[in-house]
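Shown next, in structure tokens, is the structure this report addresses.
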Amino acid sequence: MTFWQCAVRKPLYYRMNRNERNYHHHATEPHVAYFSMEFGLHEELPIYAGGLGVLAGDYLKAAHDLHMPVVGVGILWKQDYTEQYIGDDGRPYDVFPNFDFNNVKDTGITVPVRVRGADVTCKVHMVDRYGNAPLYLLDTNFPGSEHGWMTSRLYGGGVQDRVAAEILLGIGGVRALRALGIDVDVYHLNEGHAVFAGIELIREKMERGHSFEDAWQLTRQTIVFTTHTPIAAGNEVHGHDLLQLMEAYNGLHYEQMKRIGGDPFNMTAAALMLSYLSNGVSKLHGQTACRMWKNVCDASGIISITNGVHVKTWQDEGIRDAFDRRGDLWQAHQANKKRLLRYIEQRNGVKLNPDALLVGFARRAAPYKRSDLIFRTAEVIEPLLKEGKLQLVFSGKAHPNDKIGKDIIAQLVKMDRKYGDSVTFLENYNMEVCRMMIRGCDVWLNNPRRPLEASGTSGMKAAMNGVLNLSVVDGWVGEGLQHQVSGWLINTPPSQLMDEAQQDEHDLRELYRILLDEVIPTYYNRHDTWVEMIRASIDMARWQFSSHRMMREYFDVMYQKVFSKDHMLSTEPQIQEQEEWISHVPPIVYDPQEPAPKYH
């Protein structure tokens, strides 16, 4: 039986004898180390690329607010991901400034890591100034170091740069925790980038005399994993020759690494094989992930814990106060809208109308997100833009090496220049731009191809500010949004019934129908209904899609279950419970017989 041939969902833990299990019981919460390649805490600390990093930052802020025993582990990226601007030719270009990072603390701790034939010294910094649980950042970019390239650019360079950074995050991260004297009960891997942390934990146990198999089983009892995307580019695969060259084996040999991650080595599959329990980031995504990875032999069970966003960071205080006092939400919203319009005028020189409908769209530039969908039938959209009934504001970034992503942004800039009085593109998307947009737009547009949107946290941020979502039913949307109550839903038949072109055509028709027949008439003619929808949107989002709820759920549903004594004493009830989680169906779902997305 090969690595990809069996479909067992129960972790290897279940097959261990009771006497072999490592029992833990905590009167308090388990101590958690959260590993992530990026953290978005504030725009002045640019070590994040997008939603994955901002989610990680919100996680640490929630941990701080709730006094949870959590630390973050990441990397201090000297040149950020990219600062991306628009040239005179209408295409994005990248700038990579060197940041001083005076806002981080040097712990005085260094740890050694072996990478590609070199002994690499990593400095360990700490950040705790943004209302966050402590975040420890590894750094090789300091005077006298020959290895600064390893922590230069987030997701930059070639595959060797990527694997080197992943070795530092995983192996170096575990060693940093040891050097800092931080006790850890649960290692939470946020995406597959940190999978080498599991390899380091296995190596530690083997050095203490355990066999590989026992070390693997014991390690699995301490790891949980969050998978974020069904997109192939987000699930890395590396050749074993590369891993051997980079010394990622870390004392293991080929057969052992193949057992964990296959050949070629799949980082997501390895994380599923190294973890006790895993989760998708919405109920729909949890189902997609279960189907996508069902043929990985002995993978951990995948449940669903829907993402949440940090309310204090993202919700405007004026909106929060008006909602709590049952005050004038429209006045509070208009103040945010005017603030956004001033920001657009300062940045782009475009003066938009505060009384006209303003629709926002800000995403990573990826084809499946279909940022240009609304423009695809000019005879429908052009009159709305020229008459001033509709205004559109866009933002987003493409990976510096992603030509297709840059083509997408260039197309949006082309629309900006064609309809300058009604369409604008804000360059260099970051947390500041996001905060302005999710507070100041009237409507938040989200139209990905299903089922490729794993979560979509920007829509949560918009919803809790009373910015009404107009969205395809994917990611978080099917769990809370009610059509014509707290937003508008573009419901799509199962994708198995249509190819991409057919799905695009169907969704475009639905988008135009809802925009023309429901959104625009409600905005201009049914003001009281619009304000009621603002209130319903805030009420729906402020707890259900908050990072506080997410954090509490991680502890109650994942972390505590890993270390619960009662859970350790009986495996079969947990197996049954896990099956129930996997089969849970939210109110609005696609056909459960729909095949998983193709993955190569």
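Here the CG atom belonging to Asn132 is positioned 6.0 Å from the CG atom belonging to Leu60, to the nearest 0.5 angstrom. Note: Ile514 CD1 to Ser471 OG = 10.0 Å, rounded to the nearest 0.5 Å. Here OG of Ser278 is found 6.0 Å from CD1 of Ile302. Values are rounded to the nearest 0.5 Å. Distance CG/Asn307 to OG1/Thr226: 8.0 Å, rounded to 0.5 Å. Rounded to the nearest 0.5 angstrom, Asp474 CG and Ile490 CD1 are separated by 11.5 Å. Here Ile75 contributes atom CD1 and Met37 contributes atom CE; the two are 5.0 Å apart, rounded to the nearest 0.5 Å.
When atom types are taken as modelled, the side chain of Arg439 and the backbone of Ile319 share no donor-acceptor pair closer than 3.5 angstrom. Side-chain N or O atoms of Arg320 include one that pairs as donor or acceptor with a backbone N or O of Gln315 at under 3.5 Å. Side chain of Gln502 to backbone of Asp499: a donor-acceptor contact under 3.5 angstrom is found. Counting only distance, with no hydrogens or angles, the side chain of Ser304 and the backbone of Ser282 share a donor-acceptor pair below 3.5 Å. The main-chain N or O of Val380 is never found under 3.5 Å from a side-chain atom of Thr377 such that the two would form a donor-acceptor pair. Here the side chain of Asn348 pairs no donor or acceptor atom with the backbone of Val350 at under 3.5 angstrom. One N or O on the side chain of Glu38 and one on the backbone of Gly53 form a donor-acceptor pair closer than 3.5 Å. Side-chain N or O atoms of Lys397 include one that pairs as donor or acceptor with a backbone N or O of Thr82 at under 3.5 Å. The backbone N or O of Phe96 lies less than 3.5 Å from no partner atom in the side chain of Asp80, so there is not a single donor-acceptor pair. The backbone N or O of Gly459 sits less than 3.5 Å from a side-chain atom of Asn469, completing a donor-acceptor pair.
Side chain to side chain, Glu453 and His285 fail the donor-acceptor criterion of an N or O pair below 3.5 Å. His64 and Asp128 are not linked by any side-chain donor-acceptor pair at a separation below 3.5 angstrom, with hydrogens and angles left out of the test. Residues Ser547 and Asp58 have side chains that never bring a donor and an acceptor to within less than 3.5 angstrom of each other. For the 3.5 Å distance criterion, the side chains of Trp444 and Ser458 qualify, holding a donor opposite an acceptor. For the residue pair Asp442 and His333, a side-chain donor N or O sits within less than 3.5 Å of a side-chain acceptor on the partner. In the model, Tyr343 has no side-chain atom that pairs as donor or acceptor with a side-chain atom of Arg339 under 3.5 Å. When only modelled atom types and interatomic distance are considered, Gln84 and Tyr429 share no side-chain donor-acceptor pair under 3.5 Å. A side-chain N or O of Ser152 and one of Gln79 form a donor-acceptor pair less than 3.5 Å apart.
At least one side-chain heavy atom of Arg291 sits under 4.5 Å from a side-chain heavy atom of Thr288. Side-chain atoms of Leu445 and Leu511, non-hydrogen and from C-beta on, do get closer than 4.5 Å to each other. Between Cys441 and Lys337, the closest side-chain pair of non-hydrogen atoms is not below 4.5 Å. Residues Asp507 and Gln503 meet the side-chain proximity criterion, which asks for heavy atoms closer than 4.5 Å. Between Leu481 and Leu489, the closest side-chain pair of non-hydrogen atoms falls below 4.5 Å. Taking 4.5 Å as the limit, some side-chain heavy atom of Ile303 sits within range of a side-chain heavy atom of Ile305. Counting heavy atoms from C-beta outward, Leu515 and Ile374 have side chains that approach closer than 4.5 Å. Taking 4.5 Å as the limit, every side-chain heavy atom of Glu44 sits out of range of all side-chain heavy atoms of Met431.
By the 30° and 60° cut-offs, the orientation of the rings of Phe545 relative to Trp476 is perpendicular. Note on ring orientation: taking the six-membered ring where Trp is involved, the planes of Phe375 and Phe394 are tilted (angle from 30° to 60°). Between His188 and Tyr59, the two ring planes are perpendicular [angle over 60°; tilted spans 30° to 60°].
Proximity of the aromatic rings of Tyr155 and His193 is defined here by a centroid distance below 6.0 angstrom, and this criterion is met. Separation of the His527 and Trp330 ring centroids falls under the 6.0 Å cut-off.
Tyr81 does not carry Arg153 over the face of its six-membered ring by the limits of under 6.0 Å from the centre and within 45° of the normal. Within the cation-pi definition used here (under 6.0 Å to the ring centroid, within 45° of the axis), Arg326 does not qualify as a partner of Phe323.
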Taking only distance into account, with no hydrogens and no angle test, what donor-acceptor pairs under 3.5 Å do side-chain atoms of residues 460-468 form with protein atoms, sequence neighbours excluded?
residue	atom	partner	partner atom	Å
Asn465	OD1	Asp316	N	2.8
Asn465	ND2	Trp314	O	2.9
Asn465	ND2	Lys461	O	2.9

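For Glu345, the side-chain contact (heavy atoms from CB on, under 4.5 Å) criterion is met by Lys351, not counting sequence neighbours.
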Full working for salt bridge (Lys or Arg N to Asp or Glu O under 4.0 Å) between Glu518 and Arg513:
CA-CA 8 Å; Glu518 299 181 26; Arg513 183 187 65 78; 3.4 Å; yes
Going through the distances and angles, do Tyr130 and His310 end up as a ring pair (Phe, Tyr, Trp, His ring centres under 6.0 Å)?
CA-CA 12 Å; Tyr130 300 107; His310 190 248; over 10 Å; no
Run Asp321 and Arg325 through salt bridge (Lys or Arg N to Asp or Glu O under 4.0 Å) and show every step you take.
CA-CA 6 Å; Asp321 183 61; Arg325 293 187 299 102; 2.8 Å; yes
Between Gln544 and Glu479, does a side chain to side chain donor-acceptor pair (under 3.5 Å) hold up when you go through it step by step?
CA-CA 9 Å; Gln544 186 177 354; Glu479 298 174 42; 5.1 Å; no
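Within 6.0 Å of atom CD in Glu317, 12 or fewer heavy atoms from other residues, nucleotides or ligands are found, so the atom counts as exposed in its surroundings. The local environment of CG in Asp421 is sparse, with at most 12 non-hydrogen atoms from other residues, nucleotides or ligands closer than 6.0 Å. Heavy atoms from other residues, nucleotides or ligands lying under 6.0 Å from CD of Glu500 number 12 at most.
Using a 4.0 Å cut-off between charged side-chain N and carboxylate O, Asp65 and Lys61 make no salt bridge. Salt bridge present: Arg435 and Glu43 bring a charged side-chain N and a carboxylate O closer than 4.0 Å. Classification of Asp407 and Lys403 as a salt-bridged pair holds, one side-chain N sitting under 4.0 Å from a carboxylate O.
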